[in-house]
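Remember, it's a predicted structure, so these values are computed and weren't measured experimentally.
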Amino acid sequence: MAFVFENLTVYQKSLDCIESVFQFLKSNRIDNELKDQLKRAITSITLNIAEGGGRFSKNDKKNFYTIARGSVYESVAVFQILKRLQTIEEPEYTRFYELLNELAKMLNGMINSLKVTSAS
C-alpha cells in the first residue's frame, strides 16, 4: 500500500463500516435527511483518519483522530434515532453499535498515544 494510513487497522475497519452502512441504507427505507446525515458522518470517520495519518505533528494527527471519533459518536446517535423510530431491527442495530464502539476504542487509543506530556 502506498500511504501509511492505509496500513492502520482502524482505517481498514472504518472502510468495512462504510461498506456495511451503505448496504444497510440501500436496503432500508429511511428518511432522506437521516440517510444523508449518516452517510456524511460515517464517511467522515474514514476521511479524518486518512487526513490525520498524513499529518506530521502529533497535535495535527490528534485533532483529525478526535474529529473522526466525533463522527463515530454522531453515527451512533443516528442509529439510536433509527432505533427509536423503529427503522432498524435490534440485531442490526447491535451489530452497528458494536462496530462503532470498536472504532471509538481504537481512535481513543490513538488519541491517547499522541498526548503530549508536559515537563514539570
Side-chain angles (χ1 to χ4, degrees):
M1 292 189 186
F3 298 98
V4 174
F5 69 85
E6 292 176 289
N7 294 318
L8 297 172
T9 303
V10 69
Y11 176 78
Q12 293 300 321
K13 286 191 179 285
S14 72
L15 287 173
D16 293 342
C17 190
I18 287 175
E19 185 177 1
S20 294
V21 168
F22 275 58
Q23 286 299 324
F24 166 76
L25 291 173
K26 280 183 190 174
S27 63
N28 289 279
R29 291 174 38 132
I30 298 172
D31 174 82
N32 284 336
E33 290 175 16
L34 280 175
K35 184 184 283 191
D36 183 56
Q37 191 70 31
L38 183 55
K39 281 182 174 182
R40 286 185 286 117
I42 211 77
T43 303
S44 174
I45 298 166
T46 303
L47 296 177
N48 280 289
I49 292 168
E51 191 159 357
R55 298 299 171 135
F56 292 108
S57 79
K58 284 185 177 184
N59 281 337
D60 280 349
K61 285 180 182 294
K62 187 175 113 184
N63 182 51
F64 283 99
Y65 297 154
T66 301
I67 294 168
R69 184 183 60 189
S71 294
V72 168
Y73 293 171
E74 182 180 359
S75 299
V76 169
V78 174
F79 277 112
Q80 289 176 343
I81 291 167
L82 294 175
K83 184 178 176 189
R84 286 278 180 111
L85 297 175
Q86 300 178 341
T87 309
I88 186 170
E89 299 292 327
E90 186 67 35
E92 205 160 30
Y93 169 81
T94 301
R95 180 173 64 92
F96 284 118
Y97 189 90
E98 289 172 356
L99 183 64
L100 290 164
N101 189 38
E102 183 179 8
L103 286 173
K105 287 177 183 178
M106 294 172 87
L107 287 164
N108 279 334
M110 293 171 73
I111 291 163
N112 288 334
S113 74
L114 294 169
K115 286 191 177 169
V116 179
T117 55
S118 59
S120 299

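- Residue F22 is not grouped with residue L47 when hydrophobic side chains (ILVMFWY) are merged at heavy-atom distances under 4.5 angstrom, including chains of intermediate members.
- With no hydrogens or angles considered, a side-chain donor-acceptor pair links N112 and K115 at under 3.5 Å.
- For an aromatic pair to be called close, the ring centres must be under 6.0 Å apart, and Y93 with F79 fails this.
- Sorted by first and then second residue, the salt bridge (charged side-chain N to carboxylate O under 4.0 Å, His left out) pairs with a member in residues 10-26 read K13-E102; sequence neighbours excluded.
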Query raised in the report: What do the steps show when you test I42 against S71 for side-chain contact (heavy atoms from CB on, under 4.5 Å), and what is the final call?
Result: CA-CA 7 Å; I42 211 77; S71 294; over 6 Å; no
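- The distance from atom CD1 of I81 to atom OG1 of T87, rounded to the nearest 0.5 Å, is 10.0 Å.
- Linking ILVMFWY side-chain heavy atoms closer than 4.5 Å, directly or via other members, places I30 and I18 in a single hydrophobic cluster.
- Side chain of S27 to backbone of F24: a donor-acceptor contact under 3.5 angstrom is found.
- Side-chain contact check for V76 versus F96: every heavy-atom pair is 4.5 Å or farther apart.
- In this structure, the separation between CE on M106 and OG1 on T9 is 5.0 Å, given to the nearest 0.5 Å.
- By the salt bridge (Lys or Arg N to Asp or Glu O under 4.0 Å) test, E92 is found to be paired with R95, residues two or more places apart in sequence or in another chain being considered.
- Residues forming a salt bridge (Lys or Arg N to Asp or Glu O under 4.0 Å) with K35 (at least two apart in sequence, or on another chain): none.
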Query raised in the report: Can K83 and E89 be said to form a salt bridge (charged side-chain N to carboxylate O under 4.0 Å, His left out), step by step?
Result: CA-CA 7 Å; K83 184 178 176 189; E89 299 292 327; over 6 Å; no
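- Open room surrounds OH on Y97; 12 or fewer heavy atoms of other groups in view lie less than 6.0 Å from it.
- Here OH of Y11 is found 12.5 Å from CE of M110. Values are rounded to the nearest 0.5 Å.
- Contact check for V78 versus L34: side-chain heavy atoms found under the 4.5 Å cut-off.
- Rounded to the nearest 0.5 Å, atoms CG (N101) and OH (Y73) are 8.5 Å apart.
- Taken together through direct or relayed side-chain contacts under 4.5 Å among Ile, Leu, Val, Met, Phe, Trp and Tyr, L114 and L107 form part of one hydrophobic cluster.
- Looking only at side-chain heavy atoms (C-beta outward), N48 and T66 stay at 4.5 Å or farther from each other.
- Hydrophobic clustering (side-chain heavy atoms under 4.5 Å, transitive across Ile, Leu, Val, Met, Phe, Trp, Tyr) groups L103 together with F5.
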Report task. Start with the C-alpha distance between Q12 and E6, add both sets of side-chain angles, then the distance that settles side-chain hydrogen bond (donor to acceptor under 3.5 Å, both in side chains), and finish with yes or no. Result -> CA-CA 7 Å; Q12 293 300 321; E6 292 176 289; over 6 Å; no
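- A donor-acceptor pair is defined here as one N or O able to donate and one able to accept, closer than 3.5 Å; no such pair exists between the side chain of D36 and the backbone of N32.
- Partners of E98 under the side-chain contact (heavy atoms from CB on, under 4.5 Å) rule, at least two apart in sequence or in another chain, are T94.
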Requested in this report: For side-chain contact (heavy atoms from CB on, under 4.5 Å), just list the numbers for R69 and I45, CA-CA rounded to whole Å, side-chain angles, deciding distance to a tenth of an Å, and then say yes or no.
Outcome: CA-CA 7 Å; R69 184 183 60 189; I45 298 166; over 6 Å; no
Requested in this report: Any chance you could lay out the side-chain contact (heavy atoms from CB on, under 4.5 Å) test for Y65 and V10, step after step, and finish with the verdict?
Outcome: CA-CA 10 Å; Y65 297 154; V10 69; over 6 Å; no
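- Evaluation of the salt bridge (Lys or Arg N to Asp or Glu O under 4.0 Å) rule for E33 yields no partner, not counting sequence neighbours.
- Under the salt bridge (Lys or Arg N to Asp or Glu O under 4.0 Å) criterion, E51 pairs with R55, sequence neighbours left out.
- In this structure, the separation between OG on S75 and NZ on K39 is 13.5 Å, given to the nearest 0.5 Å.
- Taken together through direct or relayed side-chain contacts under 4.5 Å among Ile, Leu, Val, Met, Phe, Trp and Tyr, L100 and I111 form part of one hydrophobic cluster.
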